[in-house]
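First the structure, in the form of structure tokens, and then the observations on it.
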Amino acid sequence: MPAAACAGHFERYPAMPVAILMGQLSELAGLSLGEGQPFWIPQASVEAQNFCWAGESVTFEAQATSRQGPLNQFACRAVASDRTVGQMQLTLQRPTGDR
């Protein structure tokens with residue numbers, strides 16, 4: 001995690017913004033629907049548990065948990081230095097007409 005990616009979060013203690021962390025998890029889950037394919041996020045439950053500090057390595061995980069018609073559910077998690085820094089239960093949906 002480069003310090004430049006943490007601009008404004010926080011003075012003298014750079015940390016990854018939660019929006020960026022959750023955005024990366026969403027993008028990772030979306031790859032399972034097909035690279036470059038559009039998707040909607042009709043539902044997401046977000047939990048930020050800790051900080052990911054500049055200089056730390058972050059691992060992003062997204063596991064498909066169920067599919068009901070056009071809805072695809074995922075359990076997502078970000079881990080830094082062996083601690084969970086964020087989790088998200090995510091539902092993705094392709095636009096109507098996409099397979």
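Throughout, numbering of the chain's residues begins at 1 and tracks the sequence. Scope of the values below: all heavy atoms of this structure, side chains included, with no hydrogens, waters or symmetry mates.
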Scanning both residues in full, the closest heavy-atom pair of Gln49 with Gln87 reads NE2-NE2, 3.0 Å
Decide whether Met16 and Val79 are clustered together by the hydrophobic rule: side chain heavy atoms of Ile, Leu, Val, Met, Phe, Trp, Tyr closer than 4.5 Å, transitively. no
Closest contact, heavy atoms only, Met88 versus Ala44: SD-CB, 4.1 Å
Check whether the side chains of Ser81 and Glu56 place a donor and an acceptor atom closer than 3.5 Å, and report yes or no. yes
Min side-chain heavy-atom separation Leu25-Leu90 under 4.5 Å: no
In terms of side-chain heavy atoms, does Thr65 have a donor or acceptor partner in Gln73 at a distance below 3.5 Å? no
Gln63 atom CD: more than 12 heavy-atom contacts under 6.0 Å: no
All heavy atoms of Gly30 vs all of Phe39, minimum pair found to be CA-CE2, 3.6 Å
With a 4.5 Å cut-off on side-chain heavy atoms, are Thr59 and Glu61 touching? yes
Minimum heavy-atom distance Trp53-Tyr13, with the two atoms named: CZ3-O, 3.5 Å
Measuring from Ser32:OG to Gln37:CD, what's the distance to the nearest 0.5 Å? 11.5 Å
Could you give the distance from CG (Leu33) to CD (Gln93), rounded to the nearest 0.5 Å? 10.5 Å
Without swapping roles, check the side chain of Asn50 against the backbone of Ala48 for a donor-acceptor pair under 3.5 Å. no
Any side-chain heavy-atom pair of Leu28 and Cys76 under 4.5 Å: no
Approximate separation, where rounding is to 0.5 Å, of Glu27 CD and Glu35 CD: 10.5 Å
Any Leu92 side-chain heavy atom under 4.5 Å of Ile41 side chain: yes
Are Trp40 and Leu31 linked, directly or through other ILVMFWY residues, by side chains that come within less than 4.5 angstrom of each other? no
